[in-house]
Asker: 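One structure follows; several queries about it will come next.
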Amino acid sequence: MVERDGSAAGRGEWRNRAGFVLAAAGSAIGLGNIWRFPSETARNGGAAFLVVYLACVALVGVPVMLAELSIGRRTRRNPVGAFMMLRPRTAWPLLGGLGVLTGIAILSFYSVVAGWTIGYLLKAVRGDFSTVEKASHAESFFRQAVGNGHWNLLLHGLFLALTVFIVVGGIKKGIELASRIMMPVLLVLLLGLVFFSISLEGSGSGLSFYLKPHWSDITPQVVVAAMGQAFFSLSLGMGAMITYGSYLNRKENLLSSACLVAGMDTLIAFLAGLAIFPAFAAAGANLEGLEGGAGLIFVVLPTIFSSIPFQPIGGILFGGAFFLLLSLAALTSTISLLEVGVSWAVDELRWTRLKASILLGLAAFMLGIPSAFANGGSRLFSGKHWLGMNFMDAMAMIFITYSLTVGAWLICIFAGWVWGTKAAAEEVRAGCENVSLVRAWTVLVRYLCPLAIAIILAVIYFRPGVIPT
Ligand code: TRP
């Protein structure tokens with residue numbers, strides 16, 4: 001049974017608010033911030049993308065996050081169970097099911113990229129970065145690294161095994177503890193990198209590419225990409241925050257938690273861009289023609305680390321520390337991708353946590369095999385046979401651009417119109433005194449967010465060309 005005082009029997013709960021905020025921030029902060037955000041920025045014109053992205057986070061991201069958290073805390077269930085409880089005998093639980101599926105699908109290729117970070121960690125520690133002085137070397141260095149399908153597969157498996165291990169440990173001992181330690185260290189290291197990168201000679205054009213918007217660069221493509229990236233980076237649209245909210249008790253302030261999590265996530269993404277673009281310019285790359293692409297940070301960062309003084313020690317220390325933390329940040333994200341499915345299997349199928357974690361982890365592993373071979377490892381999966389792109393990019397498009405956007409839209413419709421803002425606002429007000437902010441939120445989820453996301457979906461539908469292939 002669900003107990004309203006917050007002691008849902010046997011489900012586990014966060015130790016305190018800081019534990020929850022750090023775990024949610026841990027879920028949000030990951031490869032999305034440090035790997036995907038800079039490449040999306042590069043691909044979409046730099047500063048213009050940054051501006052649109054910030055607007056998407058504030059006006060749509062935060063309200064959707066609040067909607068998810070309130071659904072989760074009210075029901076204390078996984079996404080499927082939550083919709084079943086609020087609207088039994090309707091099709092809404094299918095939305096939760098889509099979330100579980102999307103989580104496993106995103107996990108399947110996310111952990112391949114996370115595997116690259118472990119591979120780069122090993123390279124950094126071996127001192128390999130000191131051989132990569134020019135951006136052009138770095139490119140082939142990257143191709144070689146990710147073109148080895150079997151090595152990718154091994155690292156992908158290793159990363160999933162780590163994820164399963166922590167998820168088996170449960171809420172307090174596993175997820176919360178892991179996030180508490182790793183997040184603060186990542187921030188400090190990233191700041192160090194930013195200062196170093198800005199101090200490099202020739203970094204200025206990188207800064208202006210990133211920070212000086214040309215308003216004419218804001219096209220439908222930029223807006224679609226920014227919105228998708230906002231959902232991905234904030235872990236929205238598939239019930240991860242419903243799940244995390246379900247472990248939260250009613251004394252906590254959902255509104256300020258959502259703002260805090262979104263703020264930290266955005267700060268880390270912003271700093272990642274601030275570290276990447278100046279360094280890229282300093283390495284002599286042409287920013288205007290930049291394609292972005294999956295490899296951007298894996299190409300740029302080694303050149304930064306190789307130009308740090310006192311080689312090879314400087315590169316080993318800084319590069320090693322950075323890729324270690326990036327792997328850890330990815331881990332706190334993969335945990336949440338798996339946790340959605342696990343909470344569903346534990347609540348609804350009555351599996352043990354151990355069985356659910358292992359079986360779902362295995363499913364993600366199998367589904368990820370083609371992605372491990374999609375960057376040079378196999379002609380079939382690397383070729384542009386998958387919706388005109390390689391297998392991994394196709395998975396990202398289906399499950400990030402489409403599924404998260406549709407999911408976030410339906411969650412707004414649900415909170416704003418079906419469950420209704422009256423009930424939703426009542427849940428948000430538990431633990432939050434600020435009535436006018438809660439009211440502003442109800443207006444956003446009911447009108448602005450569904451409308452804005454609907455426009456994005458319409459653009460994707462009627463002008464499929466806006467999604468770069
Ligand atoms: N937000 C994470 C990142 O930026 C990825 C992620 C974890 C995610 N859990 C999610 C994305 C749930 C969407 C939904 O790396």
Side-chain angles (χ1 to χ4, degrees), residues 22-41 53 56-57 60-61 64-65 67-69 72 78-79 95-96 98-117 159-160 163 166-167 175 178-179 182-183 186 190 226-245 258 261-262 264-273 294 297 325-344 360 364 395-408 410-411:
L22 282 173
S27 161
I29 296 168
L31 297 172
N33 305 59
I34 293 170
W35 161 67
R36 199 168 186 273
F37 176 78
S39 38
E40 288 294 296
T41 307
Y53 177 76
C56 287
V57 168
V60 181
V64 172
M65 188 181 292
E68 288 202 21
L69 290 176
N78 67 91
L95 175 57
L98 177 70
V100 170
L101 179 75
T102 303
I104 299 298
I106 294 182
L107 179 60
S108 79
F109 62 86
Y110 194 97
S111 75
V112 170
V113 180
W116 297 350
T117 65
F159 206 87
L160 277 174
T163 306
I166 296 188
V167 171
I175 304 178
S179 311
M182 298 184 290
M183 287 304 118
L186 180 70
L190 200 55
M227 191 69 102
Q229 174 62 17
F231 293 142
F232 180 70
S233 190
L234 296 171
S235 299
L236 300 176
M238 51 153 276
M241 291 297 155
I242 296 181
T243 308
Y244 275 29
V261 171
M264 291 197 272
D265 185 68
T266 306
L267 176 71
I268 297 282
F270 178 73
L271 290 177
I297 68 151
L325 281 163
L326 187 53
S327 308
L328 294 174
L331 191 56
T332 52
S333 297
T334 52
I335 290 167
S336 82
L337 289 163
L338 186 61
E339 177 63 24
V340 174
V342 168
S343 71
W344 163 73
L360 293 172
M395 288 289 283
M397 178 168 121
I398 296 171
F399 289 103
I400 296 178
T401 311
Y402 289 134
S403 183
L404 293 184
T405 313
V406 170
L410 290 172
I411 285 167

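The figures that follow rest on heavy atoms only: side chains count, while hydrogens, waters and symmetry mates do not. Atoms within a ligand are numbered from 1 in the order they appear, just like the ligands themselves.
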Asker: Checking the side chain of Tyr110 only, and the main-chain atoms of Leu31 only, is there a donor and an acceptor separated by less than 3.5 Å?
Answerer: yes

Asker: Name each donor-acceptor pair under 3.5 Å that joins a side chain in residues 98-109 to protein atoms two or more places apart or in another chain, with its distance.
Answerer:
residue	atom	partner	partner atom	Å
Thr102	OG1	Leu98	O	2.7
Thr102	OG1	Ser403	OG	2.7
Ser108	OG	Ala105	O	2.7

Asker: So, the side chain of Ser343 versus the backbone of Val340: is there a donor-acceptor pair under 3.5 Å, distance only?
Answerer: yes

Asker: Hey, what polar pairs (N/O, under 3.5 Å) does ligand 1 make with protein?
Answerer:
residue	atom	partner	partner atom	Å
ligand 1	1 (N)	Ser27	O	3.3
ligand 1	1 (N)	Ala28	O	3.0
ligand 1	1 (N)	Phe232	O	2.8
ligand 1	1 (N)	Ser233	O	3.0
ligand 1	1 (N)	Ser235	OG	3.0
ligand 1	4 (O)	Ala28	O	2.8
ligand 1	4 (O)	Gly32	N	3.3
ligand 1	4 (O)	Asn33	OD1	3.3
ligand 1	9 (N)	Ser235	OG	3.3
ligand 1	9 (N)	Ser336	OG	2.8
ligand 1	15 (O)	Leu31	N	3.2
ligand 1	15 (O)	Gly32	N	2.8
ligand 1	15 (O)	Tyr110	OH	2.5

Asker: Does a donor on one side chain sit under 3.5 Å from an acceptor on the other, for Ser336 and Ser235?
Answerer: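 Judged by distance alone, the side chains do not pair up.
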
Asker: Donor-acceptor check, side chain of Ser39 to backbone of Trp35, threshold 3.5 angstrom: yes or no?
Answerer: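 Answer holds: yes.
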
Asker: I'd like to know if the side chain of Ser27 reaches the main chain of Ile335, judged simply by a donor and an acceptor atom lying under 3.5 Å from each other, with no hydrogens or angles considered.
Answerer: no

